[in-house]
Amino acid sequence: MKPHTLSVLVENRPGVLSRVSGLFTRRGFNIESLAVGTCEEPDMSRMTIVVVGDDAQVEQVIKQLNKLIDVVKVSDITEMETVDRELALIKVSAEAGSTRAEVMQVADIFRAQIVDVGAKTVVLEVTGGSTKIDALEGLLRQYGIKELVRTGKISVLRGSKTVKSSK
Amino acid sequence: MKSGAKILIEGLQREGVETIFGYPGGVVLPIYDELYNAPIRHILVRHEQAAAHAADGFARASGRVGVCLATSGPGACNLVTGIATAYMDSVPIVALTGQVPTNLLGNDAFQEADISGITLPITKHSYLVKDTRDLSRVIREAFFVARTGRPGPVLIDLPKDISTNQVEDVPLKDPVFLRGYQPTLKGHTRQIEKALSLLATAERPVIYAGGGIIASNASGELVELAERFMIPVTTTLMGIGCIPCDHPLNLGMLGMHGTEYANFAITECDLLLAIGVRFDDRVTGKVSTFAPHAKIIHIDVDPAEIGKNKPIDVPIVGDARAVLQAMLQKIEKGGGRENWLEKIRMWKKKHPLKYEEDGKLRPQFIIQELSNLLKGEGIIVSEVGQNQMWTAQYYCFRRPRSWLTSGGLGTMGYGFPASMGAHFARPDEVVFDIAGDGSFQMNIQELGTVSHYKIPVKVAILNNMFLGMVRQWQELFYDRRYSFTELPPVDFVKIAAAYGVDGMRVDSPDGVREALKTAIETEGPFVLDFRIEREENVFPMVPAGAAINEMIGGHPR
């Protein structure tokens, strides 16, 4: 059981997200994260799905996804050279004074941006791989995390290779 | 300018639709108004579930796409079981549903249900039409998706304003192109060669043939291949009819209620050629002991079925017929497995299907009599349960598309409405629905439809006043505690009469042949109420979770 990263090209149509997520529910597959947005093709969207399972399960996931009419291309990019990013916004308790200074120092080490400052809180924006964000989250917990939002992983192949519709 | 309803009807005609099964309601009024004078025959069912099953029966009997139509909300929801039935058995139907107008969508409007959402996991694809100008394209795509690749149901949800809006119809681009849907039909040449070399050297090969053979019209090729290589063939419930029952290479059905010799052959074979099947649990029993000594070749048009339940040595993605044709082109002859065939002949002789012949009215005898009378011809439809298994075991099917049954979903109440659909697909055939008293009562209201249109469907109820299959399990595995499986007697002849349908009750074996003849010779529908031995069981049987050669109720080995 290990996480697999799938890059999925889908028609940009209403209902396509529920078709994909419904498939995961119905077949009992576990999604770790799913990120979706428009892409370079005007009428398509690209999803990055992280799914946990053994090889046979993930093979079923890919085959079942391929059966959806609105899914144009599925690639398992787990073993390929990729650039992976996730973005998180973290609201941390940080009263003006020494706590705030400490939080800002931690942010600096992680190359996180302070994107909002309130009387009692600051909001950090951080991008990177999942482990980096996990580490930052762990460090900030002692100050009190008021709210945390993560996008889920997005990935792109390194070099000139692409995940494109071959049709 | 044309209304959406008009565009819909023209679209259906373009797809060659002659008959649809439906039930009117508020938001489909514009469509029904257009149907009033349309050259499409509309059959008014008595419950929407029957419309879906009738469309399914039409599709299975004809190989064409069946069509049903229902109104929004409750009408659409009543189609759900029928759509799921078609989905599980890969039957091409297009379900048309009315929907509340687009400006009310999501408002919990009167008779609103999110039917495309509800049917998402049980359709091959679905459309919620939001612009009347899309309608022509959607209809063409829906039929294309339903009938190609692995066939299946497609739903088109039509908000009321989509039907009433007047638009300039958009001309269709030919042919359909969907970039996310390109089924692989032609098998991979090297894989086919690999399969053929395994076939050439195998000593104990068996073909395991399923509904995919019927769906791709590959029966001729299958029999040809079996004969050229002298390979015995066992069929799934869905594959029955792809090889004549009395063909010397036919082993009958395998699996939970299969023949002993089919299950023995699977257990001992060294090569399994699986075609258009999905290694369902009712077939494999304990999957690890299914074909334990065999290399497995699996041909299927749906790549997701290959390796889903059982590891496969030679996967071949493709249309069964195309792949079999390619195989036949490459190889002239094989064979030389006299020892294996002899062993199978011996099993067949020592382990035939059997039931007690003691003067009591037994269901197996009724099926055999019907089979003799119709010479294995006609279209036989079944309900689900014991009636289904007895028919599968004892009716001698000789042609594909002559046996219609709900295999995957196991839908009680399927048979009666499906047989109405079968009649409209092939009006010259005798159509029998083999029913149980439980199943028949699930769609008994369709007596109204068969009476209304004089649909000459014959119903043979194997009436044991039990939910027989569940009772059988209670007898065998629950200490005969018949929890809620006994049904009080019903006078089906009287019920039929109230609908204007003829009927007859039969209590002894002597009356069976005459009664069947009467039903066949009577014009129009007929109901036969056979009062059978109440606690007759379906044997042999593989208990749940056992290996398929560990059967009970068979012969001592």
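Just so we're clear, the structure is a prediction, and the values are computed from it rather than from any experiment. The chains referred to below are lettered A, B, ... by the order of the sequence lines, with proteins before strands, and numbering in each begins at 1.
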Does CD belonging to A:E79 count more than 12 external heavy atoms closer than 6.0 Å? no
Looking at B:K308, I'd like to know if its NZ atom is crowded, meaning that more than 12 non-hydrogen atoms belonging to other residues, nucleotides or ligands lie closer than 6.0 Å. yes
Is it the case that over 12 heavy atoms from other parts of the model lie below 6.0 angstrom from the NZ atom of A:K132? yes
If the contact rule is any heavy atom under 4.5 Å from chain A, which residues of residues 120-137 of chain B qualify, in numerical order? B:L120, B:P121, B:K124, B:H125, B:S126
Assess whether atom CZ of B:R14 is packed by more than 12 heavy atoms of other residues, nucleotides or ligands within 6.0 Å. yes
Are more than 12 heavy atoms, taken from residues, nucleotides or ligands other than B:R140, located less than 6.0 Å from that residue's CZ atom? yes
What's the spacing between A:D70 CG and B:R179 CZ if we round to 0.5 Å? 10.0 Å
What's the shortest heavy-atom distance between B:A304 and A:Q60, and which atoms? O-NE2, 2.7 Å
Side chains of A:K67 and B:R150: does their closest heavy-atom pair fall under 4.5 Å? yes
Other residues, nucleotides, ligands: >12 heavy atoms within 6.0 Å of B:D108 CG: no
Find the one option among A:R26, A:Q57, A:E59 whose heavy-atom pairs under 4.5 Å with chain B are most numerous. A:R26
Looking at A:T25, A:L9, A:I62, A:D43, which has the largest count of heavy-atom pairs under 4.5 Å with chain B? A:D43
